[in-house]
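Note: hydrogens, waters and symmetry copies are ignored here, and every other heavy atom, side chains too, is used.
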Amino acid sequence: MVDRVNETMPQRETTVYHPLATIPTQVRAPKEGIPNTPLAASTVSFLLGSVFSLGALTFIVGGFQLNWWSTYQLGFFIAAWAAFHWAEFAVTAGWNLEKCSVDSFLLDNGATYHIANGTALTEYLLTLYFKPSWKAYPYVSIIGIFLVLAGQALRSGAMIHASSNFSHVIEHRKRNAHVLVTNGIYAWFRHPSYAGFYYWALGTQLVLQNPVTFCIFLVLLWRFFYYRTRAEEKLLIKFFGDEYLVYRKRVGTMIPFVP
């Protein structure tokens with residue numbers, strides 16, 4: 001019996017640490033909103049890819065005139081949204097596998113996040129229907145597209161550079177392998193993943209030319225990142241001491257009014 005158990009142990013370990021496994025080893029258990037299985041992950045990826053393709057096609061062709069709501073602006077917004085969530089999982093799976101789970105898509109990102117995106121779509125569609133001339137400033141959308149692309153590149157690049165030192169969830173205990181990353185993009189941005197999302201999100205509202213939701217996003221994002229960075233940096237000071245204090249003094253967040 002003992003020999004039989006020993007024979008099965010390598011197989012169990014292989015199953016747990018298989019590259020296709022979605023069981024993280026370094027973070028708390030995944031939420032139960034979406035099943036944490038390879039099948040669920042592949043299904044979500046397929047759906048996000050489909051949404052991205054439809055949005056990107058709409059953007060590339062400049063919208064479809066048969067439907068008043070099918071504009072290049074809405075197409076880009078939908079494509080950017082799908083690409084963001086897919087990239088969160090893909091980068092985690094590629095450079096931070098030990099923390100990868102279906103939660104890495106960030107689709108279960110809290111009610112406020114979904115309400116904010118719903119508000120953005122509502123403002124855009126209502127304004128487009130009743131006051132289409134208010135959406136006729138292409139240079140505003142161009143600025144927004146640039147911010148979205150730059151923000152996405154900044155966030156994904158930061159996650160790749162930090163690798164296993166990055167976490168979607170604030171870690172309250174220092175892991176033995178956890179090191180303070182201060183080079184690369186982190187030499188310019190103290191929290192580059194946060195800055196990336198900040199400019200990405202504001203950029204989406206410029207693309208849609210949503211003045212009301214832009215202001216709402218501006219306030220909500222500032223509030224979230226202000227308190228998030230304060231809480232996170234208390235732990236980083238605990239983990240790294242003077243090393244982090246020196247780094248914090250030298251490098252800013254590059255998020256307005258978030259010191």
Side-chain angles (χ1 to χ4, degrees), residues 47-88 105-156 189 191-229 253-258:
L47 293 174
L48 288 174
S50 299
V51 172
F52 172 82
S53 298
L54 290 173
L57 177 62
T58 303
F59 170 70
I60 291 171
V61 301
F64 297 99
Q65 296 182 355
L66 293 177
N67 299 306
W68 62 270
W69 49 267
S70 182
T71 65
Y72 78 94
Q73 297 161 327
L74 185 60
F76 184 88
F77 173 79
I78 292 173
W81 177 87
F84 168 80
H85 287 287
W86 175 84
E88 291 295 297
F105 284 108
L106 295 188
L107 288 170
D108 191 3
N109 210 16
T112 302
Y113 174 77
H114 297 298
I115 291 172
N117 282 314
T119 301
L121 288 172
T122 300
E123 179 186 355
Y124 179 76
L125 293 174
L126 287 176
T127 307
L128 184 67
Y129 185 80
F130 291 104
K131 293 288 185 179
S133 61
W134 290 7
K135 303 296 183 184
Y137 300 94
Y139 62 89
V140 176
S141 291
I142 291 173
I143 295 173
I145 290 171
F146 172 79
L147 281 179
V148 168
L149 296 178
Q152 182 67 68
L154 178 59
R155 180 172 175 85
S156 296
F189 296 81
H191 296 283
S193 65
Y194 295 165
F197 183 81
Y198 177 86
Y199 292 110
W200 177 90
L202 292 181
T204 62
Q205 299 315 296
L206 290 179
V207 171
L208 296 177
Q209 298 180 33
N210 281 347
V212 174
T213 311
F214 179 88
C215 293
I216 292 174
F217 272 36
L218 196 65
V219 173
L220 291 178
L221 289 168
W222 172 83
R223 185 178 185 278
F224 175 79
F225 287 126
Y226 180 85
Y227 289 106
R228 171 96 173 193
T229 55
T253 64
M254 302 305 171
I255 300 175
F257 305 109
V258 178

- prompt: Of all residues at least two apart in sequence or in a different chain, which pass the side chain to side chain donor-acceptor pair (under 3.5 Å) check with T204?
  reply: none

- prompt: Got a second to check how far I216's CD1 is from L221's CG, nearest 0.5 Å?
  reply: 11.5 Å

- prompt: Roughly how far apart are Y226 OH and T229 OG1, rounded to 0.5 Å?
  reply: 8.0 Å

task: Can you run down the ring-ring contact (aromatic ring centres under 6.0 Å, His included) pairs that involve residues 195-216, sequence neighbours left out, and say none if there aren't any?
output: F84-F197, F84-W200, F197-W200

- request: List in chain and number order the residues that pass side chain to side chain donor-acceptor pair (under 3.5 Å) with S156, two or more places apart in sequence or in another chain; answer none if no residue qualifies.
  value: Q152

- line: Between S193 and R155, the two heavy atoms sitting closest are O-NH1, 3.0 Å

task: Mind checking the CG-OG1 spacing from L202 to T213? Nearest 0.5 Å is all I need.
output: 11.5 Å

- request: Flag the pair L48 / W81 as yes when at least one side-chain heavy-atom distance between them is below 4.5 Å, and no otherwise.
  value: yes

task: State yes or no: are the ring centers of Y113 and H85 separated by less than 6.0 Å?
output: yes

Spacing of CZ belonging to F189 relative to CD1 belonging to I255, to within rounding of 0.5 Å: 9.5 Å

- request: Would you please name every residue forming a salt bridge (charged side-chain N to carboxylate O under 4.0 Å, His left out) with E123, sequence neighbours left out?
  value: none

Spacing of CE belonging to M254 relative to CG belonging to L154, to within rounding of 0.5 Å: 10.5 Å

- prompt: How far apart are the closest heavy atoms of P256 and W222, and which atoms are they?
  reply: O-CD1, 3.5 Å

- prompt: Is there a side-chain contact between H191 and R228, using heavy atoms and a 4.5 Å cut-off?
  reply: no

Less than 3.5 Å apart, which donor and acceptor atoms pair up between the side chains of residues 135-142 and the rest of the protein, not counting sequence neighbours?
{"from": "K135", "atom 1": "NZ", "to": "L208", "atom 2": "O", "distance (Å)": "3.0"}
{"from": "K135", "atom 1": "NZ", "to": "Q209", "atom 2": "O", "distance (Å)": "2.7"}
{"from": "K135", "atom 1": "NZ", "to": "N210", "atom 2": "OD1", "distance (Å)": "2.7"}
{"from": "S141", "atom 1": "OG", "to": "Q73", "atom 2": "NE2", "distance (Å)": "3.2"}
{"from": "S141", "atom 1": "OG", "to": "V207", "atom 2": "O", "distance (Å)": "2.7"}
{"from": "S141", "atom 1": "OG", "to": "Q209", "atom 2": "NE2", "distance (Å)": "2.9"}

Just list the side-chain donor-acceptor pairs under 3.5 Å for residues 52-70, sequence neighbours left out, or say none.
{"from": "S53", "atom 1": "OG", "to": "G49", "atom 2": "O", "distance (Å)": "2.9"}
{"from": "T58", "atom 1": "OG1", "to": "L54", "atom 2": "O", "distance (Å)": "2.8"}

- prompt: Atom CG of L220 and atom CZ of F225: how far apart are they, to the nearest 0.5 Å?
  reply: 11.0 Å

- line: Correct closest heavy-atom pair for A80 and V148 would be CB-CG1, 3.8 Å

- prompt: Any side-chain heavy atom of F77 sitting closer than 4.5 Å to one from L121?
  reply: yes

field: Heavy atoms of other groups near W86 CH2, more than 12 under 6.0 Å
entry: no

statement: Nearest heavy-atom contact between N109 and H114 is N-NE2, 3.9 Å

